[in-house]
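Please read the structure below before turning to the comments.
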Amino acid sequence: MQRVGIIGSGFGGLCMGIQLKQAGIEDFTIFERADSVGGTWRANTYPGAECDIPTSLYSYSFERYDWPCKWSHQQVIRDYLEHCTDAYGLRPHLRLGTTVVRAEFKERSGDWIVTCDDGSIHAFDVLVSATGQLSRPKIPEIAGQRRFEGVSFHSAEWDHGHDLRGRHVAVIGSGASAAQFVPEIAKDADKVTIFQRTPNWMVPKRDREYTDWQKTLARRIPLLAKSRRARVWLQSDILAFELMRKESRLRPLATKGALTYLRTISDPDKRRALTPDYPMGAKRILFTDTFYEAVEEHDVDIVTTPITSITPTGVRCADGTTHDADTIIYGTGFHTNDFLTPMRVTGRGGRSLADEWSDGAEAYLGITASGFPNLFFLYGPNTNLGHTSIVLMLEAQVRYVLSALDQLSATGIDWIDVRPEVQRRYNDELQARLAETAWTTIEDSWYLQNGKVTNNWPGRTTEYRRRTNRCDLTDYAVKRAKAAR
Ligand code: NAP
């Protein structure tokens with residue numbers, strides 16, 4: 001009987017729970033620090049929050065849904081995850097409002113001992129981390145920040161009680177989140193000033209609502225929904241993937257298309273400010289139907305001069321200008337490189353995961369790390385994608401974990417620990433391939449740590465799924481520890 005602990009109840013953690021149940025494993029607990037499930041889709045409630053991957057693919061392959069639009073809004077995805085939680089009977093397994101602060105592997109017993117912030121302590125045979133890569137908001141330290149007299153908050157901690165009507169809003173950062181909330185807040189605010197460090201490549205999303213008959217057809221003919229999913233998958237894994245390469249034959253054409261879209265902005269200064277000077281694909285390409293429109297139609301300014309400080313009433317830049325603001329919204333992203341931190345994870349011989357990963361996180365297939373037996377990561381190092389749905393990767397990882405569990409119970413092995421040389425070889429291969437991607441053509445992005453790509457997978461999802469199809473125990477050192485208990 002395997003006792004499984006899962007940390008996090010976003011797409012990954014819920015998928016793990018569902019598939020454990022489907023496999024007949026009932027002894028599992030999902031720890032969630034928040035009071036409800038949904039992960040990033042619970043946390044990010046900023047106006048305009050939506051998915052930049054079509055929902056037919058940004059959803060579980062095994063659970064269809066009546067999607068209202070081609071691309072879904074945050075609340076719709078959150079509802080879907082709540083629906084899955086009920087449909088697969090996960091509620092009794094949830095421990096909501098409980099933060100795991102420590103996870104410690106006991107070599108003698110082979111147990112993972114998990115300590116929570118409420119003081120409770122739990123023992124598991126297998127621990128699955130599903131904490132996501134984008135769960136800890138990052139607010140940069142800027143001189144004078146604390147003296148600001150207005151209201152400030154991060155996009156992932158939106159202050160819904162703060163009415164933006166008539167406000168002068170400073171938006172720091174211009175990534176995927178800002179591109180979604182700026183068009184919404186620009187409708188209410190008197191003025192929005194975006195402080196942009198790096199412009200983004202943007203392409204039109206062309207979102208549309210599904211008509212009632214389209215929804216009915218998809219409900220009645222499951223093959224239709226499946227073929228829609230397959231089409232989006234193929235398009236992204238073949239075409240969009242091309243743009244992730246350093247040398248891409250598709251890039252000139254895609255760049256031309258994006259620049260044509262940019263020309264919908266009439267002000268040449270704004271257009272210039274929003275024109276990227278790096279290869280398309282080096283950072284996340286943003287899909288939007290509304291951002292350029294908002295810049296064109298509302299009082300939205302783009303400031304590209306670096307910020308030097310925050311004054312009590314605004315934001316000061318390196319050229320000496322101060323831009324008045326009564327509200328500052330940080331669209332400055334997340335702590336993406338330190339993965340499970342601040343949770344303290346210790347493995348064999350008391351080694352600390354944070355120390356092991358201090359120069360850049362790495363794992364075998366993004367799922368296991370040497371010295372940390374029976375610990376599995378979902379959406380771990382080098383499994384993020386720039387071109388298609390992360391749910392494809394999560395499902396592959398969950399299948400891999402199940403394959404491991406299956407073999408553990410079939411063979412009487414108590415724990416497995418990936419061989420260091422296997423992990424080394426895999427990561428050497430990965431880094432050599434990552435050097436050929438567009439992500440290494442720029443100095444900084446959330447994919448990089450000290451110049452090393454720690455977050456992204458360099459291949460197509462088809463390759464990843466093939467390589468994770470089955471857990472090969474020859475990659476692992478195995479131990480039958482509990483027989484002695
Ligand atoms: P982000 O893409 O990391 O963008 C952060 C922004 O803040 C960037 O413009 C960055 O500039 C800027 N910034 C960071 N530190 C700064 C500083 N000290 N001073 C000035 N500017 C600073 O974060 P995000 O927009 O929250 O998105 C993160 C990721 O979440 C996305 O890449 C995407 O994967 C995911 N996301 C997905 C969706 C979706 O539709 N599924 C929606 C939102 C977010 P630089 O570019 O120069 O670093």
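Order of listing sets the numbers, starting from 1, for every ligand and every atom in it. Basis for what follows: all heavy atoms, side chains included, without hydrogens, waters or symmetry-related copies. Just so we're clear, the structure is a prediction, and the values are computed from it rather than from any experiment.
A cation-pi arrangement is absent between R206 and W71 under the rule of less than 6.0 angstrom and at most 45 degrees off the ring axis.
Taking the six-membered ring where tryptophan is involved, the planes of W357 and F377 are tilted, since the angle between them lies from 30° to 60°. Note on ring orientation: taking the six-membered ring where Trp is involved, the planes of Y46 and F181 are perpendicular (angle over 60°, cut-offs 30° and 60°). The aromatic rings of Y292 and Y261 sit tilted relative to each other, their planes meeting at an angle between 30° and 60°.
With hydrogens and angles left out, the side-chain atoms of H168 and T193 include no donor and acceptor closer than 3.5 Å.
Identified under the salt bridge (charged side-chain N to carboxylate O under 4.0 Å, His left out) test for residues 179-188, with sequence neighbours left out: E184-K187.
Protein residues with a heavy atom closer than 4.0 Å to ligand 1 are W41, Y46, E50, C51, D52, L134, P140, I172, G173, S174, G175, A176, S177, Q180, R197, T198, K283, R284, G331, T332, G333, F334, W446, listed by chain and number.
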